**Q** 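Sharing a structure with you now.
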Number of protein chains: 2
Amino acid sequence: MEKDITIYDIARELELSPTTISRALNDHPSVNKNTKQRISEAAAQMGYRSNLFASNLRKQRTNTIGMIVPRLDSPFHSAVIAGIEKIANEEGYNLIISQSLETLHKEVANAKTMFDSRVDGLLVSLSFETDSLEHFEQFINRGIPVIFYDRVTEHKNCTNIIIDNLQAAYKATTHLIEQGCTNIVHITGNLKRNVYADRLKGYKYALIDHNLPFTESNVLKSQLTEEAGKLAAEQILAMNPLPDGIFVSNDTCAVSCLRTLKQAGISIPRDMAVIGFNNDLTSRVVEPNLTTINYPGQEMGEVAVRVLLMQMNGTGEKIPSNTINLRSELIIRESSLRGKASPKKKDILL
Amino acid sequence: MEKDITIYDIARELELSPTTISRALNDHPSVNKNTKQRISEAAAQMGYRSNLFASNLRKQRTNTIGMIVPRLDSPFHSAVIAGIEKIANEEGYNLIISQSLETLHKEVANAKTMFDSRVDGLLVSLSFETDSLEHFEQFINRGIPVIFYDRVTEHKNCTNIIIDNLQAAYKATTHLIEQGCTNIVHITGNLKRNVYADRLKGYKYALIDHNLPFTESNVLKSQLTEEAGKLAAEQILAMNPLPDGIFVSNDTCAVSCLRTLKQAGISIPRDMAVIGFNNDLTSRVVEPNLTTINYPGQEMGEVAVRVLLMQMNGTGEKIPSNTINLRSELIIRESSLRGKASPKKKDILL
DNA sequence: AATATATATGCAATCGGTTTCAATTACAAT
DNA sequence: ATTGTAATTGAAACCGATTGCATATATATT
């Protein structure tokens, strides 16, 4: 079992002070070039590695970014994390990740752990249950920046990074209307969360702007799971008259709903056009392929961590609270193309 | 901006020494019960939180587990991580996660970061490219346990946690044979990795045990991506005679292959029966639903972290190198059921 | 020659817990 | 009265890197 080399060992070896060793290894300008050279060679040769804890303890920062996500096993969050990890890595930051599993109590516990681990910054996408940001106040009180992405809530000291859910939903609904749909159902999630509330608004405004009636009974609240998709399909089949278009707030649920409708003898998109949200892999596997909104997960992650780094290394002055909107796009596939022939290209980007 | 409370602040407040505060907060037996009570109340009231860096620095351990996975955006790995995070959390450990993105150089860089972060233990699933474990020697030399799961290589000091890939593949292939297939193609991945090499063996042995010929030309090497599935399908369509069964080493590729074959007019499973591997969500979305091997991801994660914790807290003696095998199961769905009527139950577990 | 300036290095304190080794007290046993 | 034992508490060293302040040397300026 080898022993760790410290700057004291190097100092002894080269007959210098630990101070100089430390400065040399941090490329401090006041150390002679030749000395630096000697030191870094000795360090390499002796197998030195810096002790982050001693360093962190002294510097009062950890070079660590914390992340709290609802779940890791979601294609969208995976993409976000990939983007975050890439940039964080490049900038020399560690990433501590934990999942709230959509519960408030685990989100609170995770926040505490992140706080005790003294992360320098925090990236959060809120759980379904979260209705208070109290557990993040401890960070804000000590000047540790917190950034919310995707599932967000307004907070005067925090930046939010989102897509324009309202606009995306508006586009999707408008597309259904342009395909001739006049009786469109919307399947939504927990309206406490901005993403679902905004999509509902987009759906509503699109209807109104095209002189179609908005009726509460056409909005189905759901858990947006696979199972919930089946239930929603059954509710839809019980409607009279049957709707001719469905806009679902995620792909998992849309796919399961679509399949259940198909099994019941409904022809998609002829009888009903269907649009999902997320552009998950399943949207390209289901038959017919699902029209959906493409979410820039990786990009969202990259933007989030860049903004966070800016705030972490900022002058200490509070950057004014703000919201960053990323572009999303409607990807049109067979599930929503009615009447006309199917499109030449497989995927058409609006 | 609030200031951090230290044990010295509490000591001053209660007119005790920092020693006693530290001991009380760690529930050391030699501190008086009443004193403990007073101290913990004061700590709570003053908003004290332990400084992990000071503690780590002194204790020379970090309460942190490192993880290096090929990618985070894989349903299997997400499930593993979920299992790991659950147990690690319960036991009071932090989790640092990084992805190698299937490249050796990033895996090496990540290993270095983990090492510098002084993780107490390491969980690894190897990248495609990895053909040497040199970058893990530094851990082993210092007595830091390393555990490999799923994508593993033999190392005399490390435990491996896997499923019996050979047996699973044997079962899958045997099932195809029982369904009347006599000319079965196998689509495999990078044979450097145990998982694919073992599955190939299972396929081979099943053929031999059932007196079917094994031919190299029936083994298609592939990247197992969506794109690779299409290519493989084209290769299969060019075969003469056409095979009547396909066993693919993952679901993503199997699904894409299946869809391409269908588009070419092949009836699944009548003309060709198809089996995948992983039980991803897409296997339940594609038409017909895909027969596949269910992988106990979450369980694998839980076992991995438990074994790791044992080794981390062990007496320091080397636990003899070993391999832990977890059970997997064949899930039979429509894509492999030929001739007979479709099964009564949606999913049949063998 | 005297002073100013830049360059290079080191001393010693510091970050906040943990731990070794004593010290103190109370009480029991001889 | 003396010694032994258990229960509490504290002083001080320590983990390893960083940094404010001081010092020493070399070079430039007047």
Side-chain angles (χ1 to χ4, degrees), chain A residues 1-40 42-43 46-64 92 94 115-120 142-143, chain B residues 1-40 42-43 46-64 92 94 115-118 120 142:
Chain A
M1 185 113 56
E2 294 168 22
K3 236 202 97 236
D4 276 337
I5 304 292
T6 71
I7 54 171
Y8 297 92
D9 298 322
I10 303 179
R12 206 176 314 114
E13 187 78 12
L14 300 182
E15 297 187 318
L16 285 166
S17 74
T19 308
T20 304
I21 309 296
S22 171
R23 284 204 265 251
L25 293 174
N26 288 303
D27 206 23
H28 192 284
S30 78
V31 177
N32 184 285
K33 250 200 295 184
N34 299 326
T35 316
K36 265 185 200 167
Q37 179 70 17
R38 277 176 63 216
I39 291 175
S40 67
M46 295 171 74
Y48 168 80
R49 62 171 176 156
S50 166
N51 185 319
L52 284 181
F53 300 103
S55 174
N56 288 341
L57 175 59
R58 180 61 225 237
K59 291 199 294 191
Q60 302 285 38
R61 64 188 345 256
T62 63
N63 260 57
T64 298
N94 270 346
F115 189 62
D116 286 343
S117 301
R118 285 177 158 69
V119 295
D120 292 332
R142 307 217 183 193
Chain B
M1 187 115 57
E2 294 168 22
K3 235 201 98 237
D4 276 337
I5 303 293
T6 71
I7 54 170
Y8 296 93
D9 298 323
I10 303 179
R12 205 176 315 114
E13 187 77 14
L14 299 183
E15 297 188 317
L16 286 166
S17 75
T19 309
T20 303
I21 310 297
S22 171
R23 284 204 266 252
L25 294 173
N26 287 302
D27 205 21
H28 192 285
S30 80
V31 176
N32 185 286
K33 251 198 298 182
N34 299 326
T35 316
K36 265 185 199 169
Q37 178 68 18
R38 276 175 64 215
I39 292 175
S40 67
M46 295 170 75
Y48 168 80
R49 61 170 178 157
S50 168
N51 185 320
L52 283 181
F53 300 103
S55 173
N56 289 342
L57 174 60
R58 180 62 225 235
K59 290 199 294 190
Q60 303 285 40
R61 64 188 343 260
T62 62
N63 261 56
T64 298
N94 270 346
F115 188 62
D116 285 343
S117 301
R118 284 178 159 68
D120 292 332
R142 307 216 185 195

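What you are looking at is a predicted structure, and each value in this text was computed from that prediction instead of being measured.
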**Q** Would you indicate, yes or no, if D:dG10 has its OP1 or OP2 atom less than 4.0 angstrom from a side-chain nitrogen or oxygen of B:T20?
**A** yes
**Q** Keeping A:N63 on the side-chain end and A:G92 on the backbone end, is there a donor-acceptor pair under 3.5 Å?
**A** yes
**Q** Does A:T35 put a side-chain nitrogen or oxygen below 4.0 Å from OP1 or OP2 of C:dA8?
**A** no
**Q** In whole Å, I'd like the distance from the CG atom of B:L52 to the C1' atom of C:dC15.
**A** 14 Å
**Q** Taking any heavy-atom pair under 4.0 Å as a contact, classify B:I21: base, sugar-phosphate, or nothing.
**A** nothing
**Q** Provide, to the nearest angstrom, the distance between the CG atom belonging to B:N56 and the P atom belonging to D:dA17.
**A** 15 Å
**Q** A:R12 has an atom CZ; how far is it from atom C1' of C:dG10, in whole Å?
**A** 16 Å
**Q** Find the distance A:I10:CD1 to D:dG16:P and express it as a whole number of Å.
**A** 13 Å
**Q** Find the distance A:N63:CG to D:dA17:P and express it as a whole number of Å.
**A** 15 Å
**Q** What I'd like to find out is whether the side chain of A:L25 reaches to under 4.5 Å of the side chain of A:S50, using heavy atoms alone.
**A** no
**Q** Are B:N56 and B:T62 linked by a side-chain donor-acceptor pair shorter than 3.5 Å?
**A** no
**Q** Distance-only, no hydrogens or angles: does the A:K36 side chain make a donor-acceptor pair with backbone N or O of A:H28 under 3.5 Å?
**A** yes
**Q** With A:I39 as reference, evaluate A:N32, A:I7, A:T20 under the side-chain contact (heavy atoms from CB on, under 4.5 Å) test and give the passing residue.
**A** A:T20
**Q** Going through the distances and angles, do B:T6 and B:N51 end up as a side-chain hydrogen bond (donor to acceptor under 3.5 Å, both in side chains)?
**A** CA-CA 8 Å; B:T6 71; B:N51 185 320; over 6 Å; no
**Q** When you measure from the side chain of B:D120 to the backbone N and O of B:R61, does any donor-acceptor pair fall under 3.5 Å?
**A** no
**Q** With the side chain counted from C-beta on, respond yes when A:R118 and B:L52 share a heavy-atom pair under 4.5 Å apart, and no when they do not.
**A** no
**Q** In degrees rounded to 10°, what angle is found between the helical axes fit to the five outermost pairs at each end of the helix from C:dA1-D:dT30 to C:dT30-D:dA1?
**A** 50°
**Q** Determine, for nucleotides 16-25 of chain C in 5'-to-3' order, which nucleotides have protein heavy atoms under 4.0 Å from the base (write B), from only the sugar-phosphate (write S), or from neither (write -).
**A** BBBBB-----
**Q** Send over the distance from B:D27 CG to D:dT8 P, rounded to a whole Å.
**A** 13 Å
**Q** I need the CG-C1' distance between B:N34 and D:dT8, as an integer number of Å.
**A** 12 Å
**Q** Please confirm whether the shortest side-chain N or O distance from A:S17 to OP1 or OP2 of C:dT9 is below 4.0 Å.
**A** no
**Q** Please report the distance, rounded to the nearest Å, between NE2 in A:H28 and P in D:dA17.
**A** 17 Å
**Q** With a distance cut-off below 6.0 Å to the six-membered ring centre and an angular limit of 45° from the axis, does A:R49 pair with B:F115 as a cation-pi contact?
**A** yes
